[in-house]
**Q** 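What follows is a structure written as structure tokens; I'll ask about it next.
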2 protein chains.
Amino acid sequence: MELIQLGHIIRDKRNELGLTQEVLSLQSDVAIKTIHSIELGKANPSIKTLTKLLESLQLSLIVINKKIN
Amino acid sequence: MELIQLGHIIRDKRNELGLTQEVLSLQSDVAIKTIHSIELGKANPSIKTLTKLLESLQLSLIVINKKIN
DNA sequence: TTACATTCGGCAATATATTACTTATTTATT
DNA sequence: AATAAATAAGTAATATATTGCCGAATGTAA
């Protein structure tokens, strides 16, 4: 899970739902500054912060067994 | 993703691999104090810290569409 | 151009995660 | 019981995440 990929997932889903960063900020109770930092892959969010965002975006974080390379 | 569940996943996998918290700490470069706090669900780790642990445990963090309830 | 909405980023303040050090507690074994 | 290994937890210091405030940049439309 690269931070840059995570940012893209959040941004894409937010756009799919037609939400601005500001609206997502209000819904998730995460600062807009934090949101755009995460979307750009420049932040290293905590699980709690990330989960609040993902909840608003109808997404979930799960742990899986790693692929064998 | 509840923090307590996450802790159980990490603890169970660590035991499966026969690693002590100390060994996992050395392998993942995460402080042992941080590890047992996470395992007990008392910590709110960052993505980077969590990913370092999961890497050592052959686990991955992914984002999925949330189940419809 | 102007105006507006949206996103980006610098800066400082606050909150909190992480660490190191130390001691306590648990658990297993003899 | 005693000993050792592993885990838990308290404290303090440091690093960093989060926030708020502000202005800059970007894109869109009139």
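Every chain is numbered from 1, with letters handed out A, B, ... down the list of sequences. Values below: every heavy atom of this structure, side chains too, minus hydrogens, waters and symmetry copies.
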**Q** Only distances under 3.5 Å count here; give the side-chain donor-acceptor pairs of residues 4-12 of chain A to other protein atoms, sequence neighbours excluded, each with its distance to 0.1 Å.
**A**
| unit_1 | atom_1 | unit_2 | atom_2 | d |
| --- | --- | --- | --- | --- |
| A:His8 | ND1 | A:Ile4 | O | 3.3 |
| A:Arg11 | NE | A:Glu39 | OE1 | 2.7 |
| A:Arg11 | NH2 | A:Glu39 | OE1 | 2.5 |

**Q** Is any side-chain heavy atom of A:Leu59 closer than 4.5 Å to one of B:Ile64?
**A**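 Answer no - side chains too far apart.
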
**Q** Whole angstroms only, please: what is the NZ-P distance between B:Lys48 and D:dA15?
**A** 15 Å

**Q** Does a side-chain heavy-atom distance below 4.5 Å link B:Pro45 with B:Leu3?
**A** yes

**Q** From A:Leu19 CG over to A:Ile35 CD1, what is the distance, rounded to the nearest 0.5 angstrom?
**A** 9.5 Å

**Q** Can you pull out the residues from residues 15-30 of chain A that lie within a 4.0 Å heavy-atom distance of DNA chain C?
**A** A:Thr20, A:Gln21

**Q** Do you know which two heavy atoms are closest between B:Leu17 and B:Ser56, and how far apart they sit?
**A** CD1-O, 4.2 Å

**Q** Work out how much the helix from C:dT1-D:dA30 to C:dT30-D:dA1 bends between its end axes, five pairs an end, to the nearest 10 degrees.
**A** 40°

**Q** Going from CD on A:Glu2 to CD1 on B:Ile47, what distance comes out if it is rounded to the nearest 0.5 angstrom?
**A**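 If we round to the nearest 0.5 Å, A:Glu2:CD and B:Ile47:CD1 are 11.5 Å apart.
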
**Q** Just to be sure I understand the geometry, which residues of residues 34-44 of chain B put a non-hydrogen atom under 4.0 Å away from DNA chain C?
**A**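 Listed by number, they are B:Thr34, B:Asn44.
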
**Q** Below the 4.0 Å mark, does D:dT7 have OP1 or OP2 next to a side-chain nitrogen or oxygen of B:Arg14?
**A** yes

**Q** What closest approach, in Å, do A:Arg14 and A:Leu24 show between heavy atoms, and which atom pair accounts for it?
**A**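 Minimum heavy-atom separation between A:Arg14 and A:Leu24: CD-CD2, 3.7 Å.
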
**Q** Mind checking the CG-CG spacing from A:Leu50 to B:Leu50? Nearest 0.5 Å is all I need.
**A** 10.0 Å

**Q** Would you say B:Arg11 reaches D:dA8's phosphate, i.e. side-chain N/O to OP1/OP2 under 4.0 Å?
**A** yes

**Q** Under 3.5 Å, side chain of B:Ser37 to main-chain N/O of B:Lys33, donor-acceptor pair present?
**A**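 Answer holds: yes.
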
**Q** Mind checking side-chain hydrogen bond (donor to acceptor under 3.5 Å, both in side chains) for A:Ser46 and listing every partner two or more places apart, or none if nothing turns up?
**A**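 For A:Ser46 the side-chain hydrogen bond (donor to acceptor under 3.5 Å, both in side chains) partners, ignoring immediate neighbours, are A:Thr49, B:Asn44.
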
**Q** Distance from A:Lys66 atom NZ to B:Ile62 atom CD1, nearest 0.5 Å?
**A** 13.5 Å

**Q** Take nucleotides 20-30 of chain C nucleotide by nucleotide from the 5' end and write B, S or -, depending on whether a protein heavy atom sits under 4.0 Å from the base, only from the sugar-phosphate, or from neither.
**A** B----------

**Q** Is A:Thr49 close enough to D:dA17 that one of its side-chain N or O atoms is under 4.0 Å from OP1 or OP2 there?
**A** no

